[in-house]
Amino acid sequence: MIPGVRLVVLGKQGAGKGTQCVRLSHHYVVPHVSTGDMLRSEVKSRTSLGQRAQSLMEQGELIPDDMVMEMVGARLSERDTTGRGFVLDGCPRTTRQAEALEKIVEPFGLDLVIDLQVPTPLVMKRLASRRVCVDCGANYSTAAPPLVNWTCDVCGGEVIQREDDTEEAIGRRLNLYEEETEPLLSWYKERRLLTEINGTGSPDAVTRRVVGAIDALRRQLKDRGDP
Ligand code: AMP
């Protein structure tokens, strides 16, 4: 397996993007770039970006495009991502972000955009039971908690319910997804970059589907002689 891939993963909140993106970043040996994780870290460190973002995030609102894309542009110009690629999680969320991303990733572009499809009632159920590690962002749920007393199995951090996983904020985020992010699916379809993947079932089953789709694409590119 040749490492390296330049990938965007789209999907509603609770579709399993975080879990799948961590697995894909290990599988293809590329950094997992999550705008949600980056923003939470800015909030935690009380940077000026974090202070501006905090209340918007708590209410489930989107952070202004320019602020997010400046942060993404800086991250995607670091050596690890320019050299090996990335799994981008949580971005783009608006057409303006997709346009800005198109410029950031020039001249190579993206290999693939995955749409992880999960019905809304199922994502609502998953979000209500979701728990995360405050330190490393590892995902758990009330049905699959960490082994010991809500302490993260990976790093020992405290495992909690996210502040924006309240019923009100979840509703707002899902509405915003429909209004702002869903139009991106046809935007990427027109550019022949979109692959739709069934995101229901066990995390292992979903990973097999996603890796199968990425590897099929890489074989096609290789057969065509693309780098
Ligand atoms: P996530 O962890 O991806 O669910 O993101 C958590 C929150 O961070 C979102 O509800 C937004 O407030 C903010 N956020 C993350 N990524 C973006 C983005 N690309 N554009 C705007 N806001 C974002």
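This is a predicted model, so every value here is computed, not measured. Note that ligands are numbered from 1 as they come in the structure, with each ligand's atoms numbered from 1 the same way. Below, each value reflects all heavy atoms present in this structure, side chains not excepted, and no hydrogens, waters or symmetry copies.
Under 4.0 Å from ligand 1, the heavy atoms of L39 that appear belong solely to its side chain. The proximity of E61 to ligand 1, defined as any non-hydrogen pair under 4.0 Å, is limited to the backbone. Of all the heavy atoms of R162, the ones lying under 4.0 Å from any atom of ligand 1 belong exclusively to the side chain. The proximity of I63 to ligand 1, defined as any non-hydrogen pair under 4.0 Å, involves the side chain as well as the backbone.
In terms of protein heavy-atom proximity, atom 20 (N) of ligand 1 is closest to Q97 NE2, 2.9 Å. Of the protein's non-hydrogen atoms, R93 CD, 3.5 Å is the one closest to atom 18 (C) of ligand 1. The closest protein non-hydrogen atom to atom 16 (N) of ligand 1 is T35 OG1, 2.8 Å.
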Kindly determine whether L10 and Y188 satisfy side-chain contact (heavy atoms from CB on, under 4.5 Å), including the steps that lead there.
-> CA-CA 11 Å; L10 298 176; Y188 279 124; 4.2 Å; yes
Applying side-chain hydrogen bond (donor to acceptor under 3.5 Å, both in side chains), run through T94 and E180 and close with a yes or a no.
-> CA-CA 5 Å; T94 64; E180 302 278 359; 5.5 Å; no
Verdict with supporting geometry, E182 and D115, side-chain contact (heavy atoms from CB on, under 4.5 Å) = CA-CA 10 Å; E182 266 178 8; D115 175 28; over 6 Å; no
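Scanning M38, E163, M57 for the heavy atom closest to atom 7 (C) of ligand 1 points to M57.
At least one donor-acceptor pair closer than 3.5 Å links the side chain of S141 to the backbone N or O of A144. Side chain of R209 to backbone of N198: a donor-acceptor contact under 3.5 angstrom is found.
Annotation: R40 places an N or O atom under 3.5 Å from an N or O atom of ligand 1; distance criterion only. Note: an N/O pair closer than 3.5 Å links G90 and ligand 1 by distance alone.
If you number the atoms of ligand 1 from 1 as listed, the ones under 4.0 Å from a heavy atom of C91 come out as 19 (N).
Following chains of ILVMFWY side-chain contacts shorter than 4.5 Å, one cannot reach L116 starting from V123, and the two form parts of different hydrophobic clusters.
V211 places a side-chain heavy atom less than 4.5 Å from the side chain of Y28.
E196 has a carboxylate O that lies under 4.0 Å from a charged side-chain N of K189, or vice versa, which qualifies the two as a salt bridge.
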